[in-house]
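Have a look at the structure below, then the notes.
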Amino acid sequence: MSCVHYKFSSKLDYNTVTFDGLHITLNELKRQIMARERLKATDCDLQITNAQTREEYTDDEAHIPKHSSVIVRRTPLGGVKPAGRTFIVDRSDTAVVGSSRPVCKTNPKSTLSPPLTSLPLPLFLTLVTFLENILSAMIELCVSSVHCVLATFVLRSQPLCVM
């Protein structure tokens with residue numbers, strides 16, 4: 001018997017679907033998961049993503065190899081509508097620096113940037129490492145600046161007032 005390990009994105013533990021052969025079609029995997037989880041095909045659809053590569057399987061006849069691990073998300077039957085984002089930049093001559101008039105207008109129901117969790121994992125890790133390096137450099141600069149200020153006070157023999 002072959003198997004595919006699956007888990008819903010909101011769960012911690014994997015469950016297993018067993019089948020005969022070297023692979024299972026996406027349609028058959030969805031059917032078995034829905035039966036096992038007691039979901040009705042009329043209520044929702046399942047979005048299946050490879051847990052290692054983050055590749056989403058979209059073709060119902062796609063072959064998923066045995067011993068694969070997948071992440072499952074429930075989606076509405078019509079699919080997920082993309083979030084409408086509006087970003088309007090006022091480039092008129094009357095927009096001046098320091099004025100109280102807003103230069104950028106945004107749709108209040110949207111965000112200007114996508115959440116960091118939507119980035120691919122390697123890009124996210126690179127960004128986190130970059131930000132950690134910047135923060136570390138800023139801390140070192142602050143510490144060395146404080147040392148310079150303290151050394152200046154000591155060399156001038158002026159008392160340092162601490163409040």
Side-chain angles (χ1 to χ4, degrees), residues 1-92 95 97 101-146:
M1 292 296 277
S2 301
C3 65
V4 168
H5 305 284
Y6 74 92
K7 81 175 194 79
F8 282 88
S9 57
S10 60
K11 303 282 182 169
L12 296 176
D13 299 323
Y14 280 87
N15 292 319
T16 304
V17 168
T18 57
F19 57 92
D20 292 323
L22 299 174
H23 51 76
I24 186 171
T25 64
L26 178 62
N27 197 28
E28 180 63 21
L29 178 63
K30 285 182 181 182
R31 190 187 65 70
Q32 285 195 29
I33 292 172
M34 290 182 113
R36 235 185 109 106
E37 300 291 330
R38 295 185 180 97
L39 298 172
K40 296 180 183 174
T42 57
D43 294 342
C44 64
D45 192 17
L46 298 179
Q47 177 188 27
I48 309 288
T49 306
N50 186 305
Q52 283 78 33
T53 65
R54 304 283 189 225
E55 172 195 0
E56 181 181 347
Y57 296 106
T58 54
D59 181 15
D60 281 340
E61 297 306 314
H63 295 281
I64 301 168
K66 65 179 181 177
H67 305 300
S68 295
S69 297
V70 296
I71 307 293
V72 181
R73 286 185 181 84
R74 286 177 44 177
T75 59
L77 271 180
V80 179
K81 295 179 184 176
R85 293 194 172 116
T86 305
F87 185 76
I88 303 168
V89 177
D90 185 2
R91 297 187 189 273
S92 65
V97 175
R101 186 166 171 240
V103 176
C104 295
K105 301 173 187 175
T106 61
N107 183 347
K109 294 182 180 179
S110 69
T111 59
L112 293 178
S113 62
L116 289 177
T117 55
S118 68
L119 293 174
L121 186 60
L123 181 61
F124 177 76
L125 293 176
T126 303
L127 180 62
V128 167
T129 304
F130 176 72
L131 292 175
E132 285 175 344
N133 291 339
I134 288 176
L135 184 59
S136 176
M138 290 174 67
I139 290 171
E140 287 178 28
L141 182 63
C142 289
V143 169
S144 66
S145 296
V146 168

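A quick note: this is a predicted structure, and the numbers were derived from the prediction, not measured. Scope of the values below: all heavy atoms of this structure, side chains included, with no hydrogens, waters or symmetry mates.
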(request) Drop me the distance from Gln32's CD to Asn27's CG, to the nearest 0.5 angstrom. (result) 11.0 Å

(message) For the OG1 atom of Thr18 and the CE atom of Met1, what is their distance to the nearest 0.5 Å?
(response) 4.0 Å

(request) May I ask you to test the Lys66-Cys3 pair for a side-chain heavy-atom distance under 4.5 Å? (result) no

(message) For the CD1 atom of Ile71 and the CD atom of Gln52, what is their distance to the nearest 0.5 Å?
(response) 8.5 Å

(message) Would you say that Lys11 contacts Val72 through its side chain, given a criterion of any heavy-atom pair below 4.5 Å between the two side chains?
(response) no

(request) Work out which heavy atom in Glu61 is nearest to a heavy atom in Thr25; give both atom names and the distance. (result) OE1-CG2, 4.1 Å

(message) Going by ring pair (Phe, Tyr, Trp, His ring centres under 6.0 Å), name the pairs with one or both residues in residues 27-58, residues two or more places apart or in two chains.
(response) none

(request) Report the distance from atom CG of Leu131 to atom OG1 of Thr126, rounding to the nearest 0.5 Å. (result) 11.0 Å

(request) Kindly indicate, with the supporting measurements, whether the criterion side chain to side chain contact (heavy atoms under 4.5 Å, CB included) is fulfilled by Val70 and His5. (result) CA-CA 6 Å; Val70 296; His5 305 284; over 6 Å; no

Cut-off 3.5 Å, no hydrogens considered: what does the side-chain donor-acceptor table look like for residues 34-43, sequence neighbours left out?
| from | atom 1 | to | atom 2 | distance (Å) |
| --- | --- | --- | --- | --- |
| Arg36 | NE | Tyr6 | OH | 3.3 |
| Arg36 | NH1 | Thr16 | O | 3.0 |
| Glu37 | OE2 | Tyr6 | OH | 2.7 |
| Glu37 | OE2 | Asn15 | ND2 | 3.4 |

(message) Quick check for you: to the nearest 0.5 Å, what is the distance between Ile48 atom CD1 and Ser68 atom OG?
(response) 11.5 Å

(message) Ignoring hydrogens, what is the shortest heavy-atom contact between Leu12 and Lys7? Give both atom names and the distance.
(response) O-CD, 4.0 Å

(request) For Met138, look at atom CE and say whether over 12 heavy atoms of other residues, nucleotides or ligands are found less than 6.0 Å away. (result) no

(request) Run the numbers on Arg73 and Leu46 for side chain to side chain contact (heavy atoms under 4.5 Å, CB included), then give the verdict. (result) CA-CA 6 Å; Arg73 286 185 181 84; Leu46 298 179; over 6 Å; no

(request) Flag the pair Val4 / Tyr14 as yes when at least one side-chain heavy-atom distance between them is below 4.5 Å, and no otherwise. (result) no

(message) Between Ser2 (side chain only) and Leu22 (backbone N and O only), is there a donor and an acceptor less than 3.5 Å apart?
(response) no

(message) Go through it in stages, so that I can follow the logic: the residues are Ile64 and Leu26, the test is side chain to side chain contact (heavy atoms under 4.5 Å, CB included), and I'd like the CA-CA distance, side-chain angles, deciding distance and then a yes or no.
(response) CA-CA 7 Å; Ile64 301 168; Leu26 178 62; 3.9 Å; yes

(message) Per the ring pair (Phe, Tyr, Trp, His ring centres under 6.0 Å) rule, what does the pair list look like for residues 18-44, sequence neighbours excluded?
(response) His23-His63

